[in-house]
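These notes are about the structure you will find just below.
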Number of protein chains: 2
Amino acid sequence: MATQPDTGPSAEIIADVFQRGCTSRQVLETVTGRWGVLTVAGLRDGAIRFNALRRRIDGVSEKMLAQTLQALERDGIVIREARATLPPHVEYRLSELGERIADRLIGLIEVLEDSVPEVTSAQQNYDARD
Amino acid sequence: MATQPDTGPSAEIIADVFQRGCTSRQVLETVTGRWGVLTVAGLRDGAIRFNALRRRIDGVSEKMLAQTLQALERDGIVIREARATLPPHVEYRLSELGERIADRLIGLIEVLEDSVPEVTSAQQNYDARD
DNA sequence: CATTGCACTAACAAAAAGTTAGTGCCAACA
DNA sequence: TGTTGGCACTAACTTTTTGTTAGTGCAATG
């Protein structure tokens with residue numbers, strides 16, 4: 001996925017997720033981190049509040065959700081909007097980049113959900129062999 | 001991502017990555033685990049031997065690569081072919097399911113690689129604000 | 001002889017995730 | 001009145017996962 005520089009006046013920046021130091025590697029690690037995919041996918045239907053998102057994603061803790069949203073916000077994938085109220089009122093939504101990423105993640109999720117019978121069968125074969 | 005059962009004679013199995021116990025959640029965790037995405041993407045161009053794949057993915061250890069390939073093989077995403085030789089000769093390639101998954105991952109990777117300037121800018125803004 | 005390549009695994013250390021408790025305000029309920 | 005729940009986080013500590021290092025036995029090379 002490395003892009004080659006143009007020989008023209010505006011050279012493209014080379015980005016390559018396979019390279020450890022590349023920013024695209026870091027963003028990949030944020031998006032595919034422990035709760036990244038489900039968090040981005042959970043924002044797919046529009047702005048949502050913190051605890052609603054948490055209830056949407058079975059198994060995530062407040063701590064891990066907060067941490068994940070922070071990292072996604074820092075990378076420009078998620079936008080956080082807070083009101084000066086008590087109790088707090090915070091909404092999260094996807095940026096334009098976040099929407100592009102979410103499209104790809106939904107595609108992946110659909111493939112995985114459709115593949116459950118194949119996977120279950122494969123796991124049984126693998127476990128029976130070892 | 002939950003699919004509703006048909007009312008017809010062949011009901012669909014409900015799969016939902018947002019549910020902790022669902023097999024699709026487990027596969028998602030395998031594919032998007034620490035080295036899962038890069039491993040599947042590294043297999044995209046066809047069968048490859050262990051150390052060639054390791055050299056392809058900057059930063060992965062033999063241990064983590066072996067562990068990742070094992071998990072992917074168990075889920076039916078990767079096929080491992082070993083010859084009875086010394087030194088060992090082992091090749092890995094994607095299954096049909098693995099190919100479908102790789103297509104989606106390549107799409108994600110392309111979005112992320114193209115987004116490096118936006119991300120860099122967003123990170124600087126975020127860090128300057130805090 | 002030592003080194004390299006092959007594809008892993010065992011033992012231990014470091015890093016990340018998970019669990020629990022806490023913050024202060026308001027509203028609802030017993 | 002006191003208690004509970006809701007809100008959106010964070011601190012302190014525990015558990016799990018990842019990373020580092022050493023090891024396996026054979027053949028080829030310098």
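Chain naming here is simple, since letters A, B, ... match the order of the sequence lines and numbering starts at 1 in each. Keep in mind the model is a prediction, meaning the values are calculated, not measured.
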* Structure fact -> Residues passing the salt bridge (Lys or Arg N to Asp or Glu O under 4.0 Å) test with R80(A), sequence neighbours excluded, are none
For a quick test of your reading: what N or O donor-acceptor pairs under 3.5 Å do the side chains of residues 31-42 of chain A make, sequence neighbours left out?
residue: T32(A); atom: OG1; partner: L28(A); partner atom: O; Å: 2.5
residue: R34(A); atom: NH1; partner: E29(B); partner atom: OE2; Å: 3.3
residue: T39(A); atom: OG1; partner: W35(A); partner atom: O; Å: 2.6

* **Whole-Å gap separating C1' (dT18(D)) and CZ (R34(A))** => 14 Å
* Could you state the CZ-C1' distance from R20(A) to dG19(D), rounded to the nearest angstrom? -> 11 Å
* What string of B, S and - do you get for nucleotides 2-9 of chain C, 5' to 3', when a contact is any protein heavy atom under 4.0 Å? -> ---BBSBB
* dA8(D) OP1/OP2 closer than 4.0 Å to side-chain N/O of R54(A) -> no
* Asked: Expressed in angstrom and rounded to an integer, what is the separation of E29(A) atom CD from dT18(D) atom P?
  -> 12 Å
* Asked: Within a reach of under 6.0 Å around CD of E99(A), are more than 12 heavy atoms found that belong to other residues, nucleotides or ligands?
  -> yes
* Tell me, please, which residues at least two apart from R20(B) pass salt bridge (Lys or Arg N to Asp or Glu O under 4.0 Å). => D58(A)
* Nearest-Å distance, CD1 (I57(A)) to P (dG18(C))? -> 12 Å
* Residues in side chain to side chain contact (heavy atoms under 4.5 Å, CB included) with Q67(B), at least two apart? -> K63(B), M64(B)
* Apply salt bridge (Lys or Arg N to Asp or Glu O under 4.0 Å) to E62(A) and list each qualifying residue two or more places apart in sequence or on a separate chain. => R54(A)
